[in-house]
Amino acid sequence: MKDDVKVEDLNRQQAEAELERLASLIAAANQAYHAEDAPEISDAEYDALKRRNAAIEARFPELIRADSPSAQIGARPSEGFAKVTHAQRMLSLGNAFEVEDVTDFDTGIRKYLGLGPDAPLRYTAEPKIDGLSLSLRYENGELVQAATRGDGSVGENVTANARTIDDIPQRLSGAPEVLEVRGEVYMSHADFAALNARQADSGDKTFANPRNAAAGSLRQLDPSVTRGRPLKFFAYSWGELSEPLGKTQLEAIERLKSLGFSTNPLTRLCDGPQEMLAHYADIEEQRATLGYDIDGVVYKVDDLALQARLGFRSTTPRWAIAHKFPAELAWTRLEAIDIQVGRTGALSPVARLQPVTVGGVVVSNATLHNEDYIAGRSASGEEIRGGKDIRVGDWVQIYRAGDVIPKVADVDLSKRPPEAQPYAFPTRCPECGSEAVREAGDAVRRCTGGLICPAQAVEKLKHFVSRPAFDIDGLGAKQVEQFHADGWIAEPADIFTLQERLGSGLRQLKNREGWGEKSANNLFAAIDERRRIPLGRLIFALGIRHVGEQVSNLLARHYGTWEAFETAVREAEPLEGPAWDELISIDGVGKVLATSLVTTFAQANERASIDRLVGYLYVQPVAAPKTEGSPVAGKTVVFTGTLEKMTRAEAKARAEALGAKVAGSVSAKTDILVAGPGAGSKAKKAAELGIQTLDEDGWLALIAGT
DNA sequence: GCGCCTCGAGCTCT
DNA sequence: CTCGAGGCGC
């Protein structure tokens, strides 16, 4: 590679030519890498090209090419498994813990469907296998893909490994053209014990429990290792289908069985909550002798037509629920209570425990939630519901909520040491000494130090580099903590000047354990790649209270560009003025959230920090929706009442894709009101204002053909 | 006031 | 991955 002109010295014309040259070089390198599996240039050279490209784009955002290499994700595969987008999302289930939750589930469904308490309604009940879920895609009877659940939308491609599992047929006869079978991969107790014995013999590490063993085995990069692991599979559901598997859940499961899948033999049809609970008790009784781990019972509405009517909430189906077995409990001693300070200044107490095994995992920390959870009484003296008066030195009972998060369930007062004192929750921040205050009605006490507090600063930085925010490769929580302690990074903007400031200091970095020339250069390359950042990610990365991932994207979609967003938030004064009104008019933005935004941007030091940061970035605007031929482009639409043919989220997404703005309330600016049944005050107001009002069908007709 | 959703914070192991 | 707290919309 020839010695290049420094990016800072390029003029516009040179930059344009250089971007073109880099685009073709990188494309050629990708081609060689993929086609021949024999790259012509080294990884370091390749990274340098991409880095240079990103740096030039950051300086001349207007010159970014349509075929920009930085827009292409993963030209070279990262290590590990390829990502797979599920044709249909893999959802999780709502949970029931008590008998009452199960009867509520039944009542809720009846209400939703408009069925009386005595109308027949059948459910299936089956054990909930404690493994990991897997989606198998068959096309014309051939297994073409196996994917893990991942976050529900995007999982990992583990096809090669899935092919080694005996319970998973490679080929089906008489199957629908497209068939996605979903089920659980697990390991039996006997196989788990044998595997661990083998692992111990060969000096390899043993697994804590069958679930971890199954997960570890399926995620082997080398399928021949997976082949040697005794994995099994139960089918219990499906995703995309080219034709239905049956009219009921049970029929569909039977069909899967006849196609050659293992299905759980304890699947039963139940006539209502009484029978469901009876089957639950039955399964719980057999739990120890089943030979594999289960963690509850799943109930599903049997009639598939009813399932379709019930549909989904954002992450769970309305027609199914998981009835969990009581969590495993363990007693241990509480050795200390530490206070952690979060990104928003929240003081959270954490129990330090004498290590104890709970549900196959050694637990030494547990959350204590907040002040009231520890105290038996509040400062003013009244009893606090749920307050346990937990003291250092106490014997406490631990369980893992949802089999994950360790919590303190109970205290054994009979074993309390006589000298144990009630815990005094600090009123000053343990990290910076600032006052820690609790707003009226708030459960959380917060450090008021803001950016002065080192703990808050570090947590904010960690948030900034986290996955859904800037997601900088090689700059995780650990590194940020290091760099912060070293004084190299005090605020987000510092990340983007790290390379130039470090200059000769690079030697210091390289001397640090784990850092060599290559990793340092990789880090700088990764940082440069993120100088170009989508608006929503940037807003989220700022870490403003109440402004999470969803809200950030909502704001990004509404304002479109950083400039528009920033101007609006800066101009808005709490509770008044047109900028405030616009902010509040966004569906999903209320007073609390808007105040949090506006006051953050009104703070001089916060603003300065944000301005510095944005100076190093090219913020990608949200792609303008296709408005050509859209009858609703630029119009403000409000949805009210019950929508029957689409969910509110769908309606909104669709309208926005057509260039409309969706607002939450009717005002003089509203152009169209779409009113479903049950519309109330909004319809009235729209009528008063003479605003065009459509029913759902009218709306669909209006946007038909777009 | 209620249902649904989002945020923020917690833990362990890979 | 799950929970409690709390926000938003009806």
Side-chain angles (χ1 to χ4, degrees), chain A residues 80 92-95 97 104 108 111-112 132 149-152 205 207-209 211-221 312-316 318 322 324 327 338 340-353 355 357-370 372-373 386 398-408 439 441-444 446 459-460 462-463 466 468 540 543-554 584-596 638-642 647-649 663-666 676 678-683:
Chain A
S92 50
L93 295 178
N95 289 324
F97 297 98
D104 284 353
K111 196 173 149 198
Y112 195 96
L132 61 154
R149 201 180 92 87
D151 66 0
K205 70 164 177 42
F207 294 98
N209 53 52
R211 196 216 335 217
N212 285 358
S217 301
L218 190 69
R219 298 192 73 263
Q220 289 293 326
L221 288 172
F312 303 88
R313 278 182 286 254
S314 71
T315 59
T316 58
R318 275 195 198 84
K324 298 292 196 77
D338 284 353
Q340 294 186 356
V341 182
R343 151 170 80 85
T344 61
L347 267 47
S348 347
V350 177
R352 305 296 176 198
L353 307 165
T357 304
V358 196
V361 171
V362 179
V363 169
S364 42
N365 304 304
T367 173
L368 288 168
H369 292 288
N370 56 46
D372 290 351
Y373 193 83
I398 306 296
Y399 72 104
R400 294 172 72 217
D403 276 334
V404 182
I405 309 294
K407 295 196 170 192
V408 175
E439 307 276 325
D442 229 358
V444 177
R446 292 196 146 83
E459 293 304 316
K460 275 199 124 168
K462 285 189 196 166
H463 171 80
S466 69
F540 174 65
I544 296 163
R545 183 133 95 97
H546 303 304
V547 183
E549 210 179 342
Q550 308 297 322
V551 172
S552 298
N553 284 322
L554 184 69
I584 284 289
S585 79
I586 303 171
D587 193 9
V589 176
K591 258 193 208 163
V592 174
L593 201 162
T595 306
S596 173
V638 174
F639 292 97
T640 187
T642 316
T647 66
R648 203 153 266 267
S665 56
V666 173
S681 62
K682 286 187 189 176

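Because the structure is predicted, anything quoted here is derived from the model rather than measured. Side-chain atoms are counted along with the backbone in the values below, which use heavy atoms only and exclude waters and symmetry mates. Residue numbers begin at 1 in each chain, while the letters A, B, ... track the order of the sequences.
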K.L.:
Tell me the closest heavy-atom pair linking S596(A) and I544(A), and the distance in Å.
P.N.:
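Smallest interatomic distance, heavy atoms only, reads OG-CG2, 3.5 Å.
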K.L.:
Side chain of N365(A) only, please: which of dG9(C), dC11(B), dC13(B) is the nearest?
P.N.:
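The nucleotide sitting nearest to the side chain is dC11(B).
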K.L.:
Pick base, sugar-phosphate or nothing for T344(A), based on heavy-atom distances below 4.0 Å to the nucleic acid.
P.N.:
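Sugar-phosphate, no base atom in range.
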K.L.:
Atom CG in L93(A), atom CG in N95(A): separation rounded to 0.5 Å?
P.N.:
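L93(A) CG to N95(A) CG: 7.5 Å, rounded to 0.5 Å.
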K.L.:
CD1 of I544(A) versus P of dT6(B): gap in Å, rounded?
P.N.:
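In whole Å, dT6(B) P lies 19 Å from I544(A) CD1.
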K.L.:
Describe the nucleic acid contact of L593(A) in one word from base, sugar-phosphate, nothing, applying a heavy-atom distance below 4.0 Å.
P.N.:
sugar-phosphate
K.L.:
R545(A) has a side chain; which of dC11(B), dG8(B), dC3(C) sits nearest to it?
P.N.:
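Output: dG8(B).
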K.L.:
So which one's nearest nucleotide on DNA chain B is more toward 5', H463(A) or V350(A)?
P.N.:
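The residue whose closest nucleotide sits nearer the 5' end is H463(A).
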K.L.:
Please state whether the phosphate of dC1(C), meaning OP1 or OP2, lies under 4.0 angstrom from any side-chain nitrogen or oxygen of S92(A).
P.N.:
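For dC1(C), neither OP1 nor OP2 has a side-chain N or O of S92(A) closer than 4.0 Å.
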K.L.:
If I take atom CD in residue Q550(A) and atom P in nucleotide dC4(B), what distance separates them, rounded to the nearest angstrom?
P.N.:
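Rounding to the nearest Å, CD of Q550(A) and P of dC4(B) are 17 Å apart.
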K.L.:
Starting the side chain at C-beta, find the nucleotide from dC3(C), dA5(C), dC11(B) nearest to F97(A).
P.N.:
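Looking only at heavy atoms from C-beta outward on F97(A), the closest nucleotide is dC3(C).
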K.L.:
Rounded off to whole Å, could you give me the CG-to-P distance for the D372(A) and dA5(C) pair?
P.N.:
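In whole Å, dA5(C) P and D372(A) CG are 9 Å from each other.
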K.L.:
Using a heavy-atom cut-off of 4.0 Å across all strands, would you classify F540(A) as base, sugar-phosphate, or nothing?
P.N.:
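No contact.
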K.L.:
NA contact type, R219(A), heavy-atom cut-off 4.0 Å: base, sugar-phosphate, or nothing?
P.N.:
nothing
K.L.:
Whole Å only: how far is the CG atom of D338(A) from the P atom of dC11(B)?
P.N.:
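Distance, rounded to whole Å: 10 Å.
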K.L.:
Please classify the nucleic acid contact of V444(A) as base, sugar-phosphate, or nothing, using heavy-atom distances under 4.0 Å.
P.N.:
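Here V444(A) touches no strand at all.
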K.L.:
Side chain of A443(A) only, heavy atoms from C-beta on: which candidate in dT6(B), dC11(B), dA5(C) is closest?
P.N.:
dA5(C)
K.L.:
First locate atom NZ of K407(A), then atom OG1 of T367(A), and finally report the distance between them rounded to the nearest 0.5 Å.
P.N.:
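So the NZ of K407(A) and the OG1 of T367(A) are separated by 6.5 Å.
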K.L.:
Return no unless some side-chain N or O of R149(A) is found under 4.0 Å from OP1 or OP2 of dC1(C).
P.N.:
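For dC1(C), OP1 or OP2 has a side-chain N or O of R149(A) closer than 4.0 Å.
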K.L.:
Going by the side-chain contact (heavy atoms from CB on, under 4.5 Å) test, name the single residue among V341(A), T344(A), L347(A) that passes it with R446(A).
P.N.:
T344(A)
K.L.:
Is A215(A) touching bases, backbone alone, or none of the nucleic acid, heavy atoms closer than 4.0 Å?
P.N.:
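The answer is nothing, as A215(A) stays clear of every strand by at least 4.0 Å.
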K.L.:
With a cut-off of less than 4.0 Å, is there a side-chain N or O of S348(A) near OP1 or OP2 of dA9(B)?
P.N.:
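The answer is no; no side-chain N or O of S348(A) sits under 4.0 Å from OP1 or OP2.
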K.L.:
Specify the separation, in whole Å, of atom NZ of K407(A) and atom C1' of dA5(C).
P.N.:
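Rounded to the whole Å, the gap is 11 Å.
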K.L.:
Nearest to the V551(A) side chain among dG9(C), dT6(B), dA9(B), which nucleotide is it?
P.N.:
dT6(B)
K.L.:
Whole angstrom is fine here: how far is it from CG in D104(A) over to P in dG3(B)?
P.N.:
10 Å
K.L.:
Does a side-chain N or O from R400(A) land closer than 4.0 Å to OP1 or OP2 of dC11(B), or not?
P.N.:
no
K.L.:
Check every strand shown and say whether G216(A) touches a base, only sugar-phosphate, or nothing at a heavy-atom separation below 4.0 Å.
P.N.:
nothing
K.L.:
Contact class for L347(A) (heavy atom, under 4.0 Å): base, sugar-phosphate, or nothing?
P.N.:
nothing
K.L.:
With a 4.5 Å cut-off on side-chain heavy atoms, are R352(A) and N365(A) touching?
P.N.:
yes
K.L.:
Toward the 5' end of DNA chain B, which comes first, N212(A) or V547(A), by nearest nucleotide?
P.N.:
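Between the two, 5'-proximity favours V547(A).
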K.L.:
Take the protein atom OH of Y112(A) and the nucleotide atom P of dC2(B), then report the distance between them rounded to whole Å.
P.N.:
20 Å
K.L.:
Just N and O in the side chain of N209(A): are any of them under 4.0 Å from OP1 or OP2 of dC13(B)?
P.N.:
no
K.L.:
Kindly compute the distance separating CG (L132(A)) from CG (N212(A)), expressed to the nearest 0.5 Å.
P.N.:
10.0 Å
K.L.:
Would you please confirm or rule out a distance under 4.0 Å between OP1 or OP2 of dG10(B) and any side-chain N or O of Q340(A)?
P.N.:
yes
K.L.:
Taking the nucleotide of DNA chain C with the nearest heavy atom to each, does H369(A) or I405(A) sit closer to the 5' end?
P.N.:
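The answer here is I405(A).
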K.L.:
Quick one: I586(A) CD1 to dG7(C) P, roughly how many Å, whole number?
P.N.:
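Checked: the CD1 to P distance equals 18 Å.
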K.L.:
Which heavy atom in K460(A) sits nearest to a heavy atom in G543(A), and how many Å separate them?
P.N.:
CE-O, 3.9 Å
